[in-house]
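Here is the structure we will look at, set down as structure tokens.
Model, not experiment: these values are computed from the prediction. Naming: A, B, ... by sequence-line order, numbering from 1 per chain.
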Amino acid sequence: MRRDMSQVLCDQIAALVLQALDAAQSAGDLPPFPLPDPAVERGRHEQHGDYASSVCLKLAREARMNPLEIAQRAIAHLSPAPFVGRAEAVAPGYINVWLDEDWLTSQVERILAAGSDFGRLDKGGGQRVQVEFVSANPTGPLTIGSTRNAVLGDALASVLEAAGCQVEREYYVNDAGSQIRRFGESVLARYAQALGEAAPFPEDGYHGSYVLGLGRELAEEAGRRYLEMERVAAVHAVAAWAIGQILIGVRRDLAELGVEFDTWRHEQSFRAEGLLDQALTRLRAGGYVVEYDGATWFRHPDLEKDVVLIRSPQVIPEPAERPTYLASDAAYLLDKLVKRGFDRAIYVWGADHHGDVPRLKAAAQALGLDPERAVLVIYQMVNLWQGGEEVRMSKRTGDFVTLRELLEQVGPDPIRFMLLSRSADSTIDFDLDLAVEQSDRNPVYYVQYAHARIASILRHAQEEGWAVDAPADLALLHHPSELGLVRKMLELPEVIDLAASQLSPHYLPFYAQELAAVFHAFYRDCRVVSSEPGDEGLTRARLRLVRAAQGVLARVLALMGMSAPERM
RNA sequence: GCCCCCGUAGCUCAAUGGACAGAGCGCCAGACUUCUAAUCUGACGGUUGUGGGUUCGAGUCCCACCGGGGGUGCCA
């Protein structure tokens, strides 16, 4: 796999600044102090340069000097670098750095050479990371909440891959426990009804219409076989069949959304491998297990209250259904971090599960694992709006909007873009009307349009007889809009770095919009394919430029799991 | 009651403790005989919920309150 060895520009500027401070100290221009965090960031205004460091402001106290003077003395020791055009010390003490314009334009070839690997970093160091996401119970179709989970987890995995981690995407199939039995009983009842039997529907059963469908399907497929079977065995068999059917649909819908998993880990399978027993043994050995009220409890100093691991037989009679989620989670931790040896296990959880975080962390600690290796990404809820009203959803009554319906009404690209465009901490109000709307009110198409527009330029160029891959003299690119486009393209590695380190893929759609915006501005200012005599060199250079921009747009769209259309 | 998330422009949202808090949409005024107008340019728009504190510097950190959402021992 080819890697972008220049890594992140921001880091290179930071290294230069630190080196300048160090040199100034050695020369006696600055008093001795430990080198701090260089605090380099993108300049927010043009006057602030491409990059700015506020490090001298932080140093003022320690060095007992005016921060501006620190900046001035440091800058005098700044060693030359090909990418630095100029650097200035500015009140109250910033070091502002402008990129060199010839270096900037030369980067177009580097971006083109990197191709779809542009922005690939080495920061992960090949660390093995598992991202476990969606993991919705296989008792019904995916809802919009699970869709946010899917979009977030998949983009997170992509970004971590780009940052240099070895990533595995996993779906945890919770196919054991009392909910599964209840689901099996519900399907069995609908199945019996489909065969004309008056079967009672279980209390707290699954009322969704899809359960009716499953019952009818099973009746056609299996005839009266399950009616003649002993009930417990029938429930078991029907549940297994129904889970299989649900998972087929889940897998199909996720694939249509562009989400594919490397592994589907079934709770029953790691139980069968003895991991549940191993986990309980470890917890017992550590003295974290107590027994009372007929149940087995997890007790940990970090937790205010004991948590049930194995339910009491008075509450749930069947042994196979007595372990709680926490017991399975503990076993699963062993699976992830010990048996399969991931360095980090990332969990993508909805806010309705945030209360379980301390328990999982405590369990990890109690199992003798570093709790830091279990990383929780919590996202807030999604509310659906249509016709100016909130669409109330209830899984219990089976009244909810599914991913399938969203795919049919909206399509995968707007779903992904809209659900990715907010930080995980923000609740999303998903406006169905807006998502469906194909207009400039919908930012999804803005980014894709930039890509399609470039494709159109390249088609036009070829029709005019230009070789779009011909070498060019990039030094001919001088226009502010040309340079702005290159600057923005070079930000991608930083965006990937930021999104990966903060586990926040929502930076991607914001960046994608910015990149599209600078391209559209370039399009306005600079004609690519010129028929003017004497413009041949510039045309060739601009063809290189737009081809690079197309590649970067395609790259960021791919990271978001979206398509990059050639025409719109 | 306690725990978690949110409160920023009319609306939807950004902002790794740093400079004058930014985008998109909406509204208003403009730009297509030229590679796609799903585009672009400009204007308007703010006491960052309230009150304290920490800091050279706070939308960001701490405390208290107000408002919205989520959770809170044998549901998942």
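- Out of B:rA37, B:rC13, B:rA76, the shortest distance to the side chain of A:Asn174 is found at B:rA76.
- Within the 4.5 Å cutoff, the side chain of A:Leu21 has no heavy atoms near those of the A:Arg73 side chain.
- Base pairing analysis places B:rA23 opposite B:rU12; the two distances defining the Watson-Crick or G-U wobble pair are each below 3.5 Å.
- Ring geometry, A:Phe510 versus A:His506: the interplanar angle exceeds 60°, so the pair is classed perpendicular (tilted spans 30 to 60°).
- A:Val40 comes within contact range of at least one nucleobase, with a heavy-atom separation under 4.0 Å.
- The side chain of A:Arg453 places an N or O atom within less than 4.0 Å of a non-bridging phosphate oxygen (OP1 or OP2) of B:rA37.
- A donor-acceptor contact under 3.5 Å is formed by the side chain of A:His354 with the base of B:rG70.
- Using a 4.0 Å heavy-atom distance criterion, A:Tyr511 is classed as making no nucleic acid contact.
- If you take atom C1' in B:rG10 and the same atom in B:rG45, they sit 8 Å apart, rounded to whole Å.
- Looking at heavy-atom distances under 4.0 Å, A:Tyr325 makes contact with sugar-phosphate atoms alone, never a base.
- A:Arg527 has its CZ atom 18 Å from the P atom of B:rC40, to the nearest Å.
- At least one side-chain heavy atom of A:Leu492 sits less than 4.5 Å from a side-chain heavy atom of A:Tyr511.
- A close approach under 4.0 Å does occur between a side-chain nitrogen or oxygen of A:His45 and OP1 or OP2 of B:rG22.
- Interface remark: the A:Asp329 side chain does not form any donor-acceptor pair with the B:rA76 base, using a distance-only criterion of under 3.5 Å.
- Projected onto RNA chain B by closest heavy-atom contact, A:Gly49 and A:Arg524 fall at different nucleotides, the more 5' of which corresponds to A:Gly49.
- Taking atom C1' in both B:rU8 and B:rG1, the straight-line distance is 31 Å, to the nearest Å.
- With both pairing distances under 3.5 Å, B:rC2 is matched to B:rG71 as a Watson-Crick or G-U wobble pair.
- At a threshold of 4.0 angstrom between heavy atoms, the contacts of A:Ser501 with the nucleic acid are absent.
- Atom-to-atom, CD of A:Glu203 to C1' of B:rC75 comes out at 14 Å; the value is rounded to the nearest Å.
- Using a 4.0 Å heavy-atom distance criterion, A:Tyr523 is classed as a base contact.
- Within the 4.0 angstrom heavy-atom criterion, base atoms lie near A:Ala452.
- Residue contacts shown for A:Ala60 are absent, as no nucleic acid heavy atom lies under 4.0 Å away.
- Using a 4.0 Å heavy-atom distance criterion, A:Glu464 is classed as making no nucleic acid contact.
- Dashed line: the shortest gap from a side-chain N or O of A:Tyr445 to OP1 or OP2 of B:rA38 is not under 4.0 Å.
- Surrounding CD of A:Glu46 are at most 12 heavy atoms belonging to other residues, nucleotides or ligands under 6.0 Å away.
- Look at the C1' atom in both B:rG53 and B:rG17: the space between them is 16 Å, to the nearest Å.
- In this entry the distance linking NE2 of A:His520 with P of B:rA23 reads 16 Å, nearest Å.
- Ring geometry for A:His45 versus A:His48: interplanar angle over 60°, hence perpendicular rather than tilted (30 to 60°).
- Contacts of A:Ser178 with the nucleic acid, taken as non-hydrogen atoms under 4.0 Å apart, involve only primed sugar atoms and P, OP1 or OP2.
- A parallel orientation is assigned to the rings of A:Tyr172 and A:Phe270, their planes being inclined by less than 30° (bins at 30° and 60°).
- In this structure, A:Phe510 reaches the sugar-phosphate backbone alone: every heavy-atom distance under 4.0 Å involves primed, P, OP1 or OP2 atoms, never a base.
- Rounded to whole angstrom, the span from the CZ atom of A:Arg422 across to the P atom of B:rC5 amounts to 20 Å.
- Between B:rG49 and B:rC11, the two P atoms lie 13 Å apart (nearest whole Å).
- Nucleic acid contact for A:Val529: base, since at least one base atom lies under 4.0 Å from a heavy atom of the residue.
- For B:rG69, the OP1/OP2 oxygens have no side-chain nitrogen or oxygen of A:Ser426 closer than 4.0 Å.
- OP1 and OP2 of B:rC5 both lie 4.0 Å or more from every side-chain N or O belonging to A:Tyr379.
- Open room surrounds CD on A:Glu203; 12 or fewer heavy atoms of other groups in view lie less than 6.0 Å from it.
- Taking atom CZ of residue A:Arg547 and atom C1' of nucleotide B:rC35, one finds them 15 Å apart after rounding to whole Å.
- For the C1' atom pair drawn from B:rA9 and B:rG26, the interatomic distance equals 12 Å after rounding to whole Å.
- Separation of the P atoms belonging to B:rU55 and B:rU60 is 16 Å when rounded to the nearest angstrom.
- A:Arg544 places its CZ atom 24 Å from the P atom of B:rC35, with the value rounded to the nearest Å.
- B:rC6 has its base anti relative to the sugar, with a glycosidic angle deviating from 0 by more than 90°.
- The cationic atom of A:Arg453 (NZ for Lys, CZ for Arg) lies less than 6.0 Å from the six-membered ring centre of A:Tyr523 and within 45° of the ring axis.
- Comparing the C1' positions of B:rC44 and B:rA23 gives a spacing of 16 Å, expressed to the nearest Å.
- A gap of 10 Å separates the P atoms of B:rA15 and B:rC6, to the nearest Å.
- Both A:Asp293 and A:Asn96 sit near RNA chain B, but only A:Asn96 has its closest nucleotide nearer the 5' end.
- Residue A:Thr427 has no polar side-chain atom (N or O) positioned under 4.0 Å from OP1 or OP2 of B:rG70.
- Remark: A:Tyr446 is in phosphate contact with B:rC40, judged by side-chain N or O atoms under 4.0 Å from OP1 or OP2.
- Within the nucleic acid shown, A:Ala39 has no heavy atom closer than 4.0 Å to any nucleic acid atom.
- Base engagement by A:Arg567 is indicated by at least one non-hydrogen atom pair under 4.0 Å involving a base atom.
- One atom, CD1 of A:Ile180, and another, C1' of B:rA76, lie 10 Å apart when rounded to the nearest Å.
- The phosphate of B:rC4 has neither OP1 nor OP2 within less than 4.0 Å of any side-chain N or O from A:His353.
- Nucleic acid contact class of A:Cys526 (heavy atoms, under 4.0 Å, all strands): base.
- The aromatic rings of A:Tyr288 and A:His300 sit parallel to each other, their planes meeting at less than 30°, with 60° as the upper class boundary.
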